[in-house]
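Below: one structure, written as structure tokens.
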Protein chains: 2
Amino acid sequence: MDRHDLLGIGEVARRSGVSVPTVRFYEEKGLITSTRDAAGRRRFERHVLRRIAVVRAGQRFGMGLAEIGEALAGLPVDHPPTKRDWERLSRSWHAALTARIEAMERVRDGLSSCIGCGCLSLKACPVYNHDDELAAEGPGPRRWPAAARDG
Amino acid sequence: MDRHDLLGIGEVARRSGVSVPTVRFYEEKGLITSTRDAAGRRRFERHVLRRIAVVRAGQRFGMGLAEIGEALAGLPVDHPPTKRDWERLSRSWHAALTARIEAMERVRDGLSSCIGCGCLSLKACPVYNHDDELAAEGPGPRRWPAAARDG
DNA sequence: GTCACACCTCAAGTGCACTTGAGGTAAACT
DNA sequence: AGTTTACCTCAAGTGCACTTGAGGTGTGAC
């Protein structure tokens with residue numbers, strides 16, 4: 001924990017590729033943490049760069065910040081995560097991502113087989129199929145509609 | 001265009017699986033169209049069910065309504081789309097979806113190889129890699145951050 | 001000393017994809 | 001005749017992931 005390798009918010013922003021307000025926002029949301037120096041400025045440990053990288057990676061495949069936060073909660077906050085810590089997160093995300101990729105493949109294939117063929121029989125069509133709880137999750141944009149999540 | 005097989009908004013909602021206000025909302029956004037009966041109520045042609053199905057399918061793989069609207073704009077509004085019309089849309093989406101699936105696979109594999117191994121060298125790491133235009137698309141939630149879209 | 005610069009807080013705004021609510025009409029059942 | 005049902009319009013609210021703005025502090029360079 002040598003003082004000299006803590007990072008200022010500007011450097012974190014620059015090196016992680018997000019804006020300065022976004023770094024503050026992520027801290028507010030509990031995705032990252034910081035200490036303060038004598039003047040009240042945030043000081044970040046190096047591993048927040050990795051945490052932010054993980055946040056961005058999670059967003060890339062459609063996770064919300066809350067969900068990402070749960071995954072990050074499995075990592076230690078006080079000391080730099082070990083390789084084993086990261087591997088655990090990586091493994092669990094790998095599984096979730098694979099499931100989502102497969103769901104997308106099903107939608108894609110359903111699209112060609114069903115829309116392409118022109119059948120669209122209400123019962124059998126995977127595109128038409130909507131019998132699950134649609135619009136049953138409250139307002140706001142649907143990042144991953146329920147249908148993409150089921151088996 | 002016999003009068004008897006036009007649908008009321010309630011039936012469209014029920015059969016497409018979205019709420020009644022959502023049907024109106026989609027119409028307002030130009031994703032579907034309707035005529036009005038003598039009493040001023042919306043009357044929908046059957047093929048709006050397919051259009052809504054396509055909207056939901058598009059959302060399932062992360063497209064925004066504007067983008068979906070562009071794709072639907074390739075379909076005729078005045079008469080029911082032909083099989084060929086749907087096939088054209090299906091083909092173009094298939095390609096886009098495949099690209100996105102591949103992008104997700106890259107993120108997934110980057111996640112395991114990079115986070116798992118603990119390297120995270122700024123230049124080579126696909127997870128860390130953020131040099132593209134992040135947060136450069138204005139405010140609002142990022143459904144498909146720019147990074148997921150590139151080759 | 002004053003200037004720029006990096007940082008701070010707090011409040012409000014933004015875009016999306018909707019939902020919710022208030023207040024009303026028109027036809028259909030009882 | 002009264003009620004239920006289905007629909008209408010217009011306005012405002014909601015959750016997310018941020019951004020933007022106003023107004024202020026601390027440190028270093030000239």
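All values reported here derive from a predicted model rather than from experimental measurement. Chain identifiers are assigned alphabetically (A, B, ...) following the order of the sequence lines, protein sequences preceding nucleic acid strands; residue numbering begins at 1 within each chain.
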Side-chain N,O (Q59(B)) to OP1/OP2 (dC18(C)) below 4.0 Å: yes
Expected output: side-chain T22(B) to main-chain V18(B) donor-acceptor under 3.5 Å: no
Sequence-distant partners of A13(B), side chain to side chain contact (heavy atoms under 4.5 Å, CB included), two or more places apart: V20(B), V23(B)
Below 4.0 Å: OP1/OP2 of dC18(D) and any side-chain N or O of S19(A): no
Nearest-Å distance for atom pair CG/P, residues D37(B) and dA6(D): 15 Å
Contact nearer the 5' end of DNA chain C, comparing V55(B) with A38(B): V55(B)
Pairing residues for T35(B) by the side-chain hydrogen bond (donor to acceptor under 3.5 Å, both in side chains) criterion, not counting sequence neighbours: none
Rounded distance in Å - CG (L65(B)) to P (dC18(C)): 5 Å
Sequence-distant partners of E102(A), side chain to side chain contact (heavy atoms under 4.5 Å, CB included), two or more places apart: T98(A), E105(A), R106(A)
Distance, rounded to the nearest Å, where I68(B) contributes CD1 and dA17(C) contributes C1': 11 Å
Distance below 4.0 Å between Y26(B) side-chain N/O and dA17(C) OP1 or OP2: no
Phosphate OP1/OP2 of dT19(C) contacted by T22(B) side-chain N/O (<4.0 Å): yes
Flag side-chain contact, heavy atom, 4.5 Å: Q59(A) against L65(A): yes
Spacing between L31(A) atom CG and dC16(D) atom C1', to the nearest angstrom: 13 Å
R42(A): salt bridge (Lys or Arg N to Asp or Glu O under 4.0 Å) partners, not counting sequence neighbours: E27(A)
Is there any protein nitrogen or oxygen under 3.5 Å from a nitrogen or oxygen in nucleotides 8-12 of chain D, and what are the pairs?
from	atom 1	to	atom 2	distance (Å)
dC8(D)	OP1	R42(B)	N	2.9
dC8(D)	OP1	R42(B)	NH1	2.8
dC8(D)	OP2	R24(B)	NH1	2.4
dC8(D)	OP2	R42(B)	NH1	3.3
dC8(D)	O5'	R42(B)	NH1	3.3
dT9(D)	OP1	R36(B)	NH1	3.2
dT9(D)	OP1	R36(B)	NH2	3.1
dT9(D)	OP2	R42(B)	NH1	3.1
dT9(D)	OP2	R42(B)	NH2	2.8

Spacing of R14(A) atom CZ relative to dA6(C) atom P, expressed in whole Å: 11 Å
Between C1' of dA17(D) and CE of M63(A), the distance in whole Å: 15 Å
R51(B) side chain near L31(B) side chain, heavy-atom distance below 4.5 Å: no
For R91(A), all residues meeting side chain to side chain contact (heavy atoms under 4.5 Å, CB included), sequence neighbours excluded: E87(A)
I52(B) CD1 to dC18(C) P, straight-line distance once rounded to whole Å: 11 Å
Nearest-Å distance for atom pair CD/P, residues E67(B) and dC16(C): 12 Å
With sequence neighbours excluded, residues passing side chain to side chain contact (heavy atoms under 4.5 Å, CB included) with S92(A): none
Stem segments of DNA chain C by first residue number [Watson-Crick or G-U, under 3.5 Å, at least 3]: C:1-30 with D:1-30
